Amino acid sequence: MLNPFRVISPTTVPEAAAELDRLGDAALIYAGGAELLLLMRHGLLEPDYLVNIKQVPSLHGIHWDGRVLRIGAAVTHRELERAPLVREHAPTLGEAEGHVGNIRVRNQGTLGGNLCFADPHADPGTPLHVHDATVTVEGTRGPRQLPLDDFFVSTYETALDPSELLTEVQVPQLPAGWGWSFERIERFYRPTVNAAAAVAASDGHIAEARLAVGCVGPRALRLRELEDRIKGLRLADAQREVADAGAYLVERLEPVSDLLGAADYKIHVTSVLLARAVEHALARTGDGR
Ligand SMILES: Cc1cc2nc3c(=O)[nH]c(=O)nc-3n(C[C@H](O)[C@H](O)[C@H](O)COP(=O)(O)OP(=O)(O)OC[C@H]3O[C@@H](n4cnc5c(N)ncnc54)[C@H](O)[C@@H]3O)c2cc1C
């Protein structure tokens, strides 16, 4: 049984922000409800009001502005999985979206809800990191834009102020000629570990690299030190570097043992998935000799 609550359905972002500001702790944002309704059903959250943001048209678009893919916070995983614009300009994200949960979760859950819930066992944050994504959040004092890296704070914790909502995710396209990959292993429909790579190649060597990993510790992270270490290497040497990076991965990712895997197992799987991601990304550059 759910405790009684009222649903408020604003039709603009400023209206939604004003309701959140007015109602304070008594209200929660409701998007797809995939997480929220579960928590309410278990009595872990008992809001008096749900501010339903699904009636806000500006939160539903996927637009390409010539440089950046702009995704409204209320776009569902399924829409992202199927959108030609996502496949064309942010294929790493499109690939990850196709792996989220199951078809019911993908139809129900939104990108905004996924990022704002900040469950460490989530997929979209990892590919968004290799695209250097930013997000826009908006409250009664207006919008502010921040890098995804600053938006994620820790497990179930983001940089959102209580009366702010996430409105848009901006995903720059990878530079021309770069290859990409998203790798994942899962249990109980949730990712145990995921990894994303984007690389540029020159004469069979890795010229540029972006690497990100999720689900291992409190939040998804870029691995900039490892990116630097594999630059200039051929695939086999880069993979050896990744395999030897255990100490760095532990320090950077702060692995947590949980129902989906022990900390040392997750670090081992991280190395395997990163090596695979680099290989597949390099192959997509067409210069993976
Ligand atoms: C069985 C199952 C399997 C799953 N498997 C995966 C998986 O494999 N990979 C994966 O990544 N995820 C997985 N998930 C998580 C799923 O992706 C998220 O539950 C979903 O995306 C959340 O979006 P939502 O719109 O339903 O959010 P809601 O449940 O509506 O909201 C979640 C939280 O975010 C807040 N919120 C929502 N939108 C906003 C916004 N725009 N601004 C500010 N706050 C907001 C809400 O107040 C609430 O606190 C799984 C979930 C389930 C139930």
Side-chain angles (χ1 to χ4, degrees), residues 5 7-10 12-13 16-17 19-21 23 25-42 44-47 49-56 58-61 71-81 93 95-129 135-139 143-144 146 151-153 155-169 182-194 196 214-215 219-220 259-260:
F5 57 87
V7 178
I8 296 172
S9 294
T12 67
V13 169
E19 291 294 0
L20 291 171
D21 194 47
L23 297 166
D25 289 347
L28 287 173
I29 294 176
Y30 167 78
E35 300 289 10
L36 193 59
L37 295 182
L38 275 181
L39 295 175
M40 288 171 64
R41 216 174 286 145
H42 286 94
L44 296 169
L45 290 174
E46 296 185 335
Y49 298 90
L50 292 184
V51 178
N52 170 18
I53 58 169
K54 285 188 296 188
Q55 310 297 325
V56 180
S58 66
L59 300 181
H60 285 277
I71 303 171
V75 173
T76 65
H77 300 297
R78 183 72 173 147
E79 287 167 330
L80 290 168
E81 175 191 1
L93 177 64
E95 175 71 21
E97 289 293 348
H99 290 280
V100 169
N102 53 41
I103 189 70
R104 184 189 64 75
V105 171
R106 293 202 292 282
N107 270 321
Q108 183 182 4
T110 64
L111 179 61
N114 189 290
L115 299 179
C116 292
F117 194 55
D119 184 327
H121 286 284
D123 289 297
T126 307
L128 287 173
H129 270 310
V135 297
T136 300
V137 301
E138 185 163 343
R144 60 190 177 107
L146 57 166
F151 178 76
F152 285 139
V153 175
T155 304
Y156 304 122
E157 195 184 343
T158 68
L160 275 172
D161 288 337
S163 67
E164 282 180 328
L165 61 153
L166 176 67
T167 57
E168 189 187 77
V169 180
F182 175 78
E183 308 289 330
R184 169 199 207 255
I185 63 160
E186 67 171 51
R187 256 187 114 193
F188 312 131
Y189 293 118
R190 299 265 184 171
T192 305
V193 177
N194 56 32
C215 314
R219 43 163 296 186
L259 284 175
L260 295 171

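Numbering of ligands and ligand atoms starts at 1, following listing order. What you see is a predicted model; the values in this text were computed from it and never measured.
- At the top of the distance list for atom 35 (C) of ligand 1, counting protein heavy atoms only, stands C116 CB, 4.0 Å.
- Polar contact with ligand 1: absent for L160 (N/O pair, distance under 3.5 Å).
- Between Y189 and ligand 1, a contact under 3.5 Å exists for at least one N or O pair.
- For atom 32 (C) of ligand 1, the nearest non-hydrogen atom of the protein is G113 O, 3.9 Å.
- Which parts of ligand 1 touch P124 is read off a 4.0 Å heavy-atom cut-off, strictly below it: atoms 11 (O).
- When every heavy atom of C116 is checked against every heavy atom of L166, the shortest pair comes out as SG-CB, 3.6 Å.
- The shortest contact between atom 26 (O) of ligand 1 and any protein heavy atom is with A34 N, 2.7 Å.
- In this structure, the side chain of R187 engages the main chain of L259 through a donor-acceptor pair within 3.5 Å.
- Here is the list of ligand 1 atoms found below 4.0 Å of a heavy atom in R184: 7 (C), 8 (O), 9 (N).
- Side chain of T167 to backbone of T136: a donor-acceptor contact under 3.5 angstrom is found.
- Contact of the F182 side chain with the H99 side chain is registered, since non-hydrogen atoms from C-beta on lie closer than 4.5 Å.
- Only the side chain of I53 comes within contact range of ligand 1, with a heavy atom under 4.0 Å; no backbone atom does.
- Per-residue contacts place L165 under 4.0 angstrom from the following atoms of ligand 1 (heavy atoms of the residue considered): 42 (N), 43 (C).
- The closest donor-acceptor contact from the side chain of N194 to the backbone of A122 lies under 3.5 Å.
- Ring-centre distance between Y156 and F117: below the 6.0 Å cut-off.
- Minimum heavy-atom separation, E35 to R190: OE2-NH1, 3.3 Å.
- Residue contacts with ligand 1, taken as heavy atom pairs separated by less than 4.0 Å, involve V105 solely via side-chain atoms from C-beta onward.
- Only side-chain heavy atoms of H77 come within less than 4.0 Å of ligand 1; its backbone N, CA, C and O stay farther off.
- Nearest protein neighbour of atom 46 (C) of ligand 1, counting heavy atoms only, is I29 O, 3.1 Å.
- Minimum interatomic distance between A96 and P127 (heavy atoms only, all atoms of both residues): CB-CG, 3.6 Å.
- Among all non-hydrogen protein atoms, the one lying nearest atom 11 (O) of ligand 1 is D123 N, 2.7 Å.
- Those atoms of ligand 1 that come under 4.0 Å of a heavy atom in P191, given as number and element, are 7 (C), 8 (O), 9 (N).
- Side chain of R106 to main chain of V100: a donor-acceptor pair is present (N/O by atom type, distance under 3.5 Å, no hydrogens or angles).
- Here is the list of ligand 1 atoms found below 4.0 Å of a heavy atom in L166: 40 (C), 41 (N), 42 (N), 43 (C).
- Checked by distance only, ligand 1 and L37 stay at 3.5 Å or farther apart across all their nitrogen or oxygen atoms.
- In this structure, the side chains of L50 and L36 come closer than 4.5 Å at one or more pairs of heavy atoms.
- Between N102 and ligand 1, not a single N/O pair is under 3.5 Å apart.
- Remark: ligand 1 and L36 share an N or O pair separated by less than 3.5 Å (distance only, no angle test).
- The ligand atoms of ligand 1 that sit less than 4.0 angstrom from a heavy atom of E35 are 15 (C), 18 (C), 19 (O), 29 (O), 51 (C).
- Remark: ligand 1 atoms within the under-4.0 Å shell around heavy atoms of A31 are 25 (O), 30 (O), 37 (C), 38 (N).
- Side chain of H77 to backbone of E97: no donor-acceptor contact under 3.5 angstrom is found.
- Per-residue contacts place A73 under 4.0 angstrom from the following atoms of ligand 1 (heavy atoms of the residue considered): 41 (N).
- Listed here is the closest heavy atom pair of A159 and E164: O-OE1, 4.2 Å.
- Contact detail for E79 and T76: the closest heavy-atom pair is OE1-N, 2.8 Å.
- A 4.5 Å side-chain heavy-atom check between H129 and F152 finds at least one atom pair inside the cut-off.
- Considering only non-hydrogen protein atoms, atom 52 (C) of ligand 1 sits nearest to R190 NH2, 3.4 Å.
- Checked against a 3.5 angstrom limit, the closest N/O atoms of T110 and ligand 1 fall inside it.
- What sits closest to atom 30 (O) of ligand 1 on the protein, heavy atoms only, is G33 N, 2.8 Å.
- Of the possible polar contacts, none joining the D161 side chain to the S163 backbone as a donor-acceptor pair under 3.5 Å is found.
- Counting only heavy atoms of the protein, atom 7 (C) of ligand 1 lies nearest to G101 N, 3.2 Å.
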